[in-house]
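The structure presented is a predicted model; accordingly, all values stated were derived computationally and were not measured.
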Amino acid sequence: MAIYVDPPLWPAHGTVFSHLVSDTSLDELHAFAAASGVPERAFDGDHYDVPERRYDDLVSAGAIPVEARILVRKLIASGLRIPARERSKALTVPLMERWNSTYPGHEELGLELLERWGEDGRKYHSRTHLLAVLEALDVLTEPEQPARTVLLAAWFHDAVYEGVAGQDEEKSARLAEDRLTATGLVRHEVAEVARLVRLTTSHSPKTGDYAGALLCDADLSVLGGDPESYARYLAAVREDYARVSDEDFAKGRAAVVRDLLRLDPLFHGERAKALWLDAARRNLASELA
């Protein structure tokens, strides 16, 4: 087991940063970072970003200095590396490109939403999840494009996240109503976006609600991932609720899983069922067991 750090070469926020990684486990990495005074917010999925001024301290504490290319190789070999598209901090540019395509002329609102999705403490309900939902919508509607109201609802559906089911969706819907009205979006589209956001509380659209089915299916697409992706999803959800004891989290999560297994249907569109239903049922049943 070893901790590695590359030279401070990566510019951001007026300084340059190093990457701190483990070649064995994230538990080892977190323990080393905590002991060295590196804040949790510096963690980015598979590494810590540390400013240049901390480099010598980390080496003195036991981190092994290596070239950047060697550090990347060790991270890949460890099996811990997360692709850039799955790391929240790396997604600002691609997400803003999507926002400007969806709602051109309102970059300030897009930036506000990105700030919300990037708040400290968000692990699952982060920019990574936002991109996953948008990409799932692409898959479900191709070769067509999702309706603008569906895309805007995806951007707003977890824009407010305080970890209170039902309350978060309602506050997110009200935020959509306020911000989109201020931009001049027509009233019926504002109402439709807010309706769709509220629907993510239950994920139970009525028969014939194509837009609602699209958003709900995209939001739950994570359930149908491969075992490694599902494990990362579970770990991120647990971090979102870090303030909750293990016992209380286990009880609450079990209730959520049972509710999901009771959803009939779990996915609504035929394409979503073909893509994710079987894997989702296996993942949920395995988690509950």
Below 4.0 angstrom, N of the basic side chain to O of the carboxylate: do R54 and D57 qualify? yes

From E108 CD over to H106 NE2, what is the distance, rounded to the nearest 0.5 angstrom? 11.0 Å

Mark yes or no for whether E169, through its side chain, and G166, through its backbone, hold a donor-acceptor pair below 3.5 Å. yes

Report yes if the side chains of I3 and L58 come closer than 4.5 Å at any heavy-atom pair, otherwise no. no

Tightest non-hydrogen contact, residues L266 and A280, listed as CD2-CB, 3.9 Å

More than 12 heavy atoms from other groups under 6.0 Å of CZ on R243: yes

With rounding to the nearest 0.5 Å, note down the distance linking CG in L80 to CG in D46. 7.5 Å

Evaluate ring-ring contact (aromatic ring centres under 6.0 Å, His included) for H19 paired with Y48, printing each intermediate quantity in order. CA-CA 6 Å; H19 298 141; Y48 281 84; over 10 Å; no

Tell me if the centroids of the rings in H268 and Y210 come within less than 6.0 Å of each other. no

If you look at every heavy atom in A61 and S36, which pair is closest and at what distance? CB-OG, 4.0 Å

Tell me if the CD atom of E40 is crowded by more than 12 foreign heavy atoms within 6.0 Å. no

Nonpolar side-chain network containing I76, other nodes, edges under 4.5 Å: V72

Got a sec: does the CD of E189 have more than 12 other heavy atoms crowding it under 6.0 Å? yes

Show your working on side chain to side chain donor-acceptor pair (under 3.5 Å) between S229 and D226 and close with a plain yes or no. CA-CA 5 Å; S229 297; D226 59 44; 3.0 Å; yes

Is it true that a side-chain atom of T201 and a backbone atom of R198 form a donor plus acceptor pair closer than 3.5 Å? yes

Spacing of CG belonging to L9 relative to OG belonging to S18, to within rounding of 0.5 Å: 7.0 Å

Looking at D209 and G212, would you say the former's side chain and the latter's main chain have a donor-acceptor pair under 3.5 Å? yes

Tell me whether D158 is salt-bridged to R122, with the criterion being a basic N under 4.0 Å from an acidic carboxylate O. no

Between M96 and L114, is any pair of side-chain heavy atoms under 4.5 Å apart? yes

Nearest-0.5 Å distance that lies between atom CD1 in I64 and atom CG in L71: 11.0 Å

Minimal heavy-atom distance between A211 and E192, with the atoms involved, is CB-OE2, 3.9 Å

Identify the two heavy atoms, one from Y55 and one from P7, that lie closest to each other, and give their separation to 0.1 Å. CE1-CA, 4.1 Å

When the aromatic ring centroids of H157 and H125 are compared, is their separation below 6.0 Å? no

In short, salt bridge (Lys or Arg N to Asp or Glu O under 4.0 Å) pairs touching residues 277-289 with sequence neighbours left out are R253-E287

For G225 and N283, work out which heavy atoms get closest and say how close. O-ND2, 3.0 Å

Is there a chain of hydrophobic side chains (I, L, V, M, F, W, Y, each step under 4.5 Å between heavy atoms) that links V139 to Y233? yes

Donor-acceptor contact present, side-chain S126 to main-chain K123, <3.5 Å: yes

Short N-O contact, D138 and R98, less than 4.0 angstrom: yes

Are the side chains of R148 and L185 in contact, using a 4.5 Å heavy-atom criterion? yes

Flag for Y230-S286: side-chain donor and acceptor within less than 3.5 Å: no

Could you tell me the separation between the CG atom of L109 and the CG atom of L175, rounded to the nearest 0.5 Å? 8.0 Å

Rounded distance (nearest 0.5 Å) linking atom OH of Y161 with atom CG of D168: 6.5 Å

Is any side-chain heavy atom of H30 closer than 4.5 Å to one of F43? yes

State, yes or no, whether a side-chain contact exists between L263 and S204 at a heavy-atom distance under 4.5 Å. yes

So do the side chains of L95 and W117 get within less than 4.5 Å of each other, counting heavy atoms only? no

Assigning hydrophobic clusters by single linkage (Ile, Leu, Val, Met, Phe, Trp, Tyr; side-chain heavy-atom cutoff under 4.5 Å), is V164 placed with V244? no

Any heavy-atom pair between the side chains of D6 and E67 that's under 4.5 Å? no

Would you call R262-D259 a salt bridge at under 4.0 Å N-O? yes

Quick one, W99 and L152 - any side-chain contact, counting heavy atoms below 4.5 Å? yes

Is any NZ, NE, NH1 or NH2 atom of the basic residue among R174 and E177 found under 4.0 Å from an Asp or Glu carboxylate oxygen of the other? no

Could you see if V256 belongs to whatever hydrophobic cluster contains Y241? Use Ile, Leu, Val, Met, Phe, Trp, Tyr and a side-chain cutoff under 4.5 Å. yes

